[in-house]
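Right, one structure below, let's go through it.
FYI, side chains are in, hydrogens and waters are out, and symmetry mates aren't considered; it's all heavy atoms of this structure.
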2 protein chains.
Amino acid sequence: MVGIEEVAAAAGVSTATVSRAIRGLPRVSPKTRAKILATAKELGYVPSSAASRLATGKTRTIGVLAPYVDRWFFGKAIAGVDQELHGRGYNLSLFNLGGRTAPRERLFSRSMVHKQIDALLLLCMFLHPEEIDDLHAIDIPLVVVGGPVPGCPNVGIDDYLAARSITEHLIDLGHRHIALLHGQDDSDLNFSVPKIRVEGFHDAVHAAGLELHPDASLFGNFTVQSGVEAMRRFMDLPEPRPTAVVCASDEMALGVLFEAARQGVRVPQDLSVVGIDGHEMGECAGLTTVWQDPTAQARRGTQMLMGELGGDSGAVRSELAEQRLIVRETTAPPRVA
Amino acid sequence: MVGIEEVAAAAGVSTATVSRAIRGLPRVSPKTRAKILATAKELGYVPSSAASRLATGKTRTIGVLAPYVDRWFFGKAIAGVDQELHGRGYNLSLFNLGGRTAPRERLFSRSMVHKQIDALLLLCMFLHPEEIDDLHAIDIPLVVVGGPVPGCPNVGIDDYLAARSITEHLIDLGHRHIALLHGQDDSDLNFSVPKIRVEGFHDAVHAAGLELHPDASLFGNFTVQSGVEAMRRFMDLPEPRPTAVVCASDEMALGVLFEAARQGVRVPQDLSVVGIDGHEMGECAGLTTVWQDPTAQARRGTQMLMGELGGDSGAVRSELAEQRLIVRETTAPPRVA
DNA sequence: ATGAAAGCGCTAACAG
DNA sequence: CTGTTAGCGCTTTCAT
């Protein structure tokens, strides 16, 4: 394993100069730099990141804490972080909570995260107050992408507005009896996003002077499968059934769509269905939704972190992300009774 | 930032003893160990991973190289690696190629990967021969999960068998005119999996004495959207059209299903559709497929790497993963003409 | 069972 | 522009 010393010797300079040359710092004559770079390449020299970390105190690694990696929002977001990081020579360290709940012994706030990363990007999840404190105590730049976490700057859409506008779209179409497929996560992770979306829905309904049928409330856990199951329960409701259902996520809406097809319920003639998220598959299914771009959000969050690390304190701040109502083929006026 | 020295001082022992105690090494009296652990916790001591890495040469980090993170197979696999890693105190460093092709200046084989990780898990992707050489030159345990990479041990399903058996299922049902939706990736990443699946299809067709209609060959890039587009082209084919279509992935099959519904083509009465993968959404859609479990595969691969790092040389070896034909609702005998 | 001390490989003043 | 020289914080013989 060739080290900086050997390069220095071979190039006939000191290790300090090699260090400067390799890292592109000033105070090295073009000529010397060229020579050093050449010998370094020749010798196949690669700096030891461990040594460099120890000496500088910087890890050039940013951590991403996510509850899941195999779900739409999170996968897209992680991709965004990565896009922003590579090229800047930063590494991405992934900490997945895997929906774990009890057994997450606050580990991430101590050994996991501590001293291993320069900054942390949290993908929307609920944290206990103590956990938030831990995070702040670590004193590294922190930003959350996706859902609001009390006391932390975040970039994401206005979930209340999203839910409200998609519901109003239905109301404008003439729907008066609307069901809601809540997205309550399995775990007690207790995202705040689901709750906020439900509020937007409720407010839209009430503002329109409509009432909420008690049994027009279905529950899912954000997965497609739970959408399928919810649709089955929907079909068990006594007639007259709601003429539309707003789903707290596109994934659940897709499940509803699949089961509707299986049961012979025509969409949108018999039932209007809407989601929230802008999942690619929703586009293929013609799903009306409120679109958002998790990748862009994560990139933005990452840029803020990089800015902060670059000395621009104040670079990290809450910011609203782009969202847009997209009307496609799953919504139509209700059939006249 | 409290270091080992302060803990040693506070506990009235040497740093060497603290080091042993903290890491659970022998040669420390239970009593001293207890005391050290106590003061360490009290002081909020967290070892500097950088210093430890430098001293030991081990990073306790394994790298995952993936072409995408926001696609089904990859997301599932990354989750699997993570599950296996945490708890063992290992970190996961994600290197995403983001479908990049030319601009991937072999970077990953040098600075990126080098000296930053103890082992590498490759998620099925094509690599140029030189890149493979680079990888091996680094001399750290390596395993690929998903698709065969020449010269590297891998865990994954038998893609040839998968494609062949799903095709034979159709033939057994009585189909004689079968279309294939190839999965050719956009990039020139040139996965080998697509090719292998195509071979399985071809062989099954030929073995049954059937002929391949030249225009029964559609192309997609593994995305749902490409499945939608392929289905549109399918509808443009002159009659009589194939009575079944085998898709190289469930995601494309789903796209076909969506578009079929839109065009009023009934599945499976008018057209049988099959995929490969076992995507959850396929289950919801009733898609007949060959199921596989990327998470389990990645866990297995990770276990091998850990074994190798644990001194069990030979722990990493090629291994076939579980797969299973699952017949659901998208396949049926062809309509009698 | 415990301590002393020599590194691990690089960076960062400070000189020159 | 370049070299000298302390560390960075932990691990690891080798003594004791």
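Of all nucleotides listed (dT2(D), dA12(C), dC10(D)), dC10(D) comes nearest to the side chain of Tyr45(B). Among the nucleotides dC10(C), dG3(C), dC8(C), the one closest to the side chain of Ala55(A) is dC10(C). For Ala51(B), taking side-chain heavy atoms from C-beta onward, the closest of the listed nucleotides dA12(C), dT11(D), dG9(D) is dG9(D). Minimum atom distance to the side chain of Thr56(A) is reached by dA12(C), of the listed dT11(D), dA12(C), dT2(D). Closest to the side chain of Arg20(A), from the set dG9(D), dT2(D), dA5(C), is dT2(D). When distances run from any side-chain atom of Thr17(A) to the nucleotides dA4(C), dA1(C), dG3(D), the shortest one goes to dG3(D). Of the candidate nucleotides dT12(D), dG9(C), dT2(D), dT2(D) has the atom nearest to the side chain of Val28(A). The side chain of Ser48(A) lies closest to dG9(C), out of dG9(C), dT2(D), dT11(D). In this structure, of dT4(D), dT11(C), dA1(C), it is dT11(C) that holds the atom nearest to the side chain of Ser19(A). For Ser52(B), counting side-chain heavy atoms from C-beta on, the closest listed nucleotide (dT11(D), dC1(D), dC10(C)) is dT11(D).
OP1 or OP2 of dT2(C) sits under 4.0 Å from a side-chain N or O of Ser29(B). Using a 4.0 Å cut-off, no side-chain N or O of Arg60(B) falls inside it from OP1 or OP2 of dC10(D).
The residue Val13(A) sits close only to the backbone: its heavy atoms come under 4.0 Å of sugar-phosphate atoms, none of a base. Across all strands shown, Arg53(A) has no heavy atoms under 4.0 Å from either base or sugar-phosphate atoms.
For the pair Ser49(B) and Ala16(A), both in contact range of DNA chain D, the more 5′-proximal nearest nucleotide belongs to Ala16(A). Residue Pro26(A) is the one, among Ala50(B) and Pro26(A), whose nearest nucleotide of DNA chain D lies closer to the 5' end (criterion: closest heavy atom).
Between the P atom of dC8(C) and the CD atom of Glu6(A) lies a distance of 11 Å, rounded to the nearest Å. Atom-to-atom, CZ of Arg27(A) to P of dC14(C) comes out at 12 Å; the value is rounded to the nearest Å. Atom CD1 in Ile4(A) sits about 16 Å away from atom P in dT5(D), given to the nearest Å. Nucleotide dC10(C) holds its P atom 15 Å from the CG atom of Leu25(A), rounded to whole Å. Atom P of nucleotide dG7(C) and atom CD of Glu5(A) are separated by 12 Å, given to the nearest angstrom. Regarding Ile22(A), its CD1 atom lies at a distance of 16 Å from the P atom of dG9(C), rounded to whole Å. Computed from coordinates, the Lys31(B) NZ to dA1(C) P distance equals 14 Å when rounded to whole Å. Atom P of nucleotide dG9(C) and atom CG of Leu54(A) are separated by 12 Å, given to the nearest angstrom.
Residue Leu123(B) holds its CG atom at 10.0 Å from CD of Gln297(B), rounded to the nearest 0.5 Å.
Heavy-atom neighbours of Arg88(B) CZ from other residues, nucleotides or ligands within 6.0 Å: above the threshold of 12.
No side-chain donor from either of Ser52(A) and Ser49(A) sits under 3.5 Å from a side-chain acceptor of the other.
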Exercise for the section: Assess whether side chain to side chain contact (heavy atoms under 4.5 Å, CB included) is satisfied between Asn154(A) and Val145(A), documenting all intermediate values. Expected result: CA-CA 5 Å; Asn154(A) 89 296; Val145(A) 168; over 6 Å; no
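Partner of Arg300(B) under the side chain to side chain donor-acceptor pair (under 3.5 Å) criterion, chosen from Glu319(B), Glu84(B), Glu322(B): Glu319(B).
Aromatic ring orientation, Phe74(B) versus Tyr68(B): tilted (interplanar angle from 30° to 60°).
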